[in-house]
Amino acid sequence: MNKKFAVKIFKIMNDNIYKKIAELPADKNAVLAVILESPVSAEIGKKALFVDGEMYRANGCIGAAACDDTSGDLSYYHAAEICTAAETKSNSIIEIAGRSIFISRLGSTPRVIICGGGHVALALLRILKSLESETVVIEDRRDFADKAAAAGADKVICLGFEEGLKEVPQSSDNYFVCMTRGHNFDIECMRAILAVPNAYVGLMGSRGRCAKMRADLISEGYPEEAVNAVHAPIGLKIGAQSPEEIAVSVAAELIQVKYEVSRKGIFDREILEVLAGKKDGDVGTNPGTNAEAGIETAGTGYVLCTIIEKHGSAPRAAGTRMLVSADGIVAGTVGGGSMEYEVMLKSQELLKSHEAFYIMEASANTADIIDDGLLCGGRIKVMLEVI
């Protein structure tokens with residue numbers, strides 16, 4: 001999305017917009033905009049979702065006097081400005097037409113594609129599984145492919161590398177890790193990988209092997225900038241020797257790139273599954289009522305809590321989300337400790353009231369830090385939405 005963004009399809013949704021986010025294909029990116037402050041009180045809390053030239057508006061109008069068209073619609077006429085800002089200011093508050101708007105550039109869940117199923121790949125799989133990363137292993141040897149499946153890979157493709165890489169859905173959130181058994185296989189993988197979108201490309205091997213790979217690719221006409229951007233040798237420099245240690249260095253580099261390069265807000269998978277109705281949360285059998293707690297709510301009976309500002313040493317960044325029901329926290333976190341407890345209590349108050357939108361601040365004061373044994377304080381501003 002860039003300054004040339006234009007709304008090609010405009011849709012008004014009667015359903016909650018987070019169900020649409022949950023249904024987005026893996027190769028789609030989107031921008032979510034929510035009005036926090038406005039001179040028109042009825043606009044506060046309204047939201048719009050932009051997906052590759054399509055705009056979805058839910059819960060009423062975004063800066064519009066009427067909901068049957070785009071007349072005066074802030075999100076429609078400022079779509080390019082909102083989407084362009086999200087490229088560099090994702091998970092932040094911008095000012096447009098006298099309104100404060102929280103924008104979040106949403107991407108699909110990062111997917112790690114490992115080419116090769118040797119000892120380091122298996123060790124890396126075990127680490128990535130603990131990090132809840134989606135993993136795909138491509139391995140042409142059946143016995144090694146079976147070991148990758150046993151190690152916890154979400155998907156194993158037992159084909160040649162070039163053919164196997166064609167089976168992976170294209171996405172700018174794909175992280176490619178090349179751990180094959182030889183230079184010829186490395187080249188085969190790199191030719192295919194450099195031709196598709198990616199967030200990261202890494203190659204395991206000695207400095208000499210990596211230098212030869214670069215030289216060969218450049219001589220074949222691949223852009224020098226793209227070739228030099230490959231992390232080769234792969235992994236952070238921690239002096240790793242064993243397969244397990246090398247796997248730790250690679251996982252650390254993947255995490256580093258994820259947070260340094262990506263400006264996207266990733267929804268906790270469990271939160272989206274609950275909001276999309278694919279998974280039950282901690283509320284009663286009637287999604288709008290919690291009889292035991294004596295709480296009657298509208299909608300699904302959840303409050304989505306999103307950090308919109310972080311100050312000081314608060315542990316979670318803007319864009320982090322948590323889902324709360326009348327029974328407590330369903331999924332996600334906004335940092336734990338007293339701040340999270342304060343947000344949870346306010347969310348449960350909202351479920352008892354008729355308010356659907358609220359912005360609050362939570363902080364860990366000196367007493368909290370000492371009593372709870374916390375190492376970080378700071379404060380957060382959180383947007384609460386009854387869904």
Side-chain angles (χ1 to χ4, degrees), residues 1-13 15-38 43-64 70 73-110 170-174 197 199 258-259 261-269 271-272 275-276 304-310 317-321 332 357 359 381-383 385 387:
M1 296 183 184
N2 53 42
K3 292 182 180 179
K4 295 182 180 180
F5 180 94
V7 175
K8 301 171 186 175
I9 301 176
F10 175 78
K11 298 178 181 178
I12 296 176
M13 299 178 64
D15 212 344
N16 88 63
I17 212 162
Y18 297 105
K19 288 186 178 180
K20 179 64 183 177
I21 294 173
E23 294 165 358
L24 288 177
D27 60 342
K28 293 289 186 181
N29 292 302
V31 173
L32 178 66
V34 185
I35 294 183
L36 305 177
E37 296 179 3
S38 169
E43 293 179 356
I44 296 174
K46 306 306 181 186
K47 56 185 75 70
L49 178 69
F50 304 90
V51 185
D52 294 343
E54 300 181 6
M55 189 186 95
Y56 301 85
R57 191 175 63 192
N59 296 332
C61 301
I62 311 283
T70 61
D73 191 331
L74 179 71
S75 55
Y76 185 86
Y77 289 104
H78 291 272
E81 191 173 352
I82 290 170
C83 293
T84 299
E87 293 289 335
T88 56
K89 300 177 182 177
S90 182
N91 298 318
S92 63
I93 300 171
I94 62 173
E95 303 292 327
I96 293 180
R99 279 86 168 171
S100 295
I101 303 175
F102 179 73
I103 53 173
S104 185
R105 185 178 170 217
L106 307 174
S108 55
T109 302
Q170 292 188 18
S171 170
S172 59
D173 291 310
N174 281 346
K258 173 184 173 182
Y259 287 107
V261 177
S262 178
R263 294 284 298 169
K264 298 175 183 177
I266 303 298
F267 265 93
D268 182 290
R269 186 180 302 176
I271 290 178
L272 280 181
L275 293 181
L304 181 63
C305 312
T306 305
I307 297 178
I308 57 176
E309 282 185 1
K310 166 195 169 179
T320 304
R321 295 173 172 88
F357 188 84
I359 296 175
K381 182 178 284 188
V382 185
M383 172 176 68
E385 303 170 83
I387 305 298

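Taking every heavy atom of both residues into account, Ile82 and Ala33 meet most closely at CG2-CB, 4.1 Å. Of all the heavy atoms in Ser104 and Arg321, the pair that sits closest is OG-NH2, 3.2 Å. Between Ile17 and Lys47 the shortest heavy-atom distance is CG2-CD, 3.4 Å. The nearest pair of heavy atoms linking Gln170 to Pro197 is OE1-CD, 3.4 Å.
Within the 3.5 Å criterion, the main-chain N or O of Glu81 finds no donor-acceptor partner in the side chain of Thr84.
Note that CG of Leu36 is 5.0 Å distant from CZ of Phe357, once rounded to the nearest 0.5 Å. The distance from the CD1 atom of Ile101 to the NE2 atom of His78 is 8.0 Å, given to the nearest 0.5 Å. Taking CD1 of Ile387 as the reference point, atom CG of Leu275 lies at 6.0 Å (rounded to 0.5 Å). Within the model, atoms CG of Leu106 and CZ of Phe50 stand 12.0 Å from one another, a figure rounded to the nearest 0.5 Å.
Looking only at side-chain heavy atoms (C-beta outward), Ile103 and Ile93 stay at 4.5 Å or farther from each other.
Taking Lys381 as the reference, Ile308, Glu309, Ile359, Glu361 meet the side-chain contact (heavy atoms from CB on, under 4.5 Å) condition, with sequence neighbours excluded.
Salt bridge status for Glu37 with Arg99: absent, with no side-chain N to carboxylate O gap under 4.0 Å.
When each of Ile35, Asn91, Leu32 is checked for a side chain to side chain contact (heavy atoms under 4.5 Å, CB included) with Phe102, only Asn91 meets the rule.
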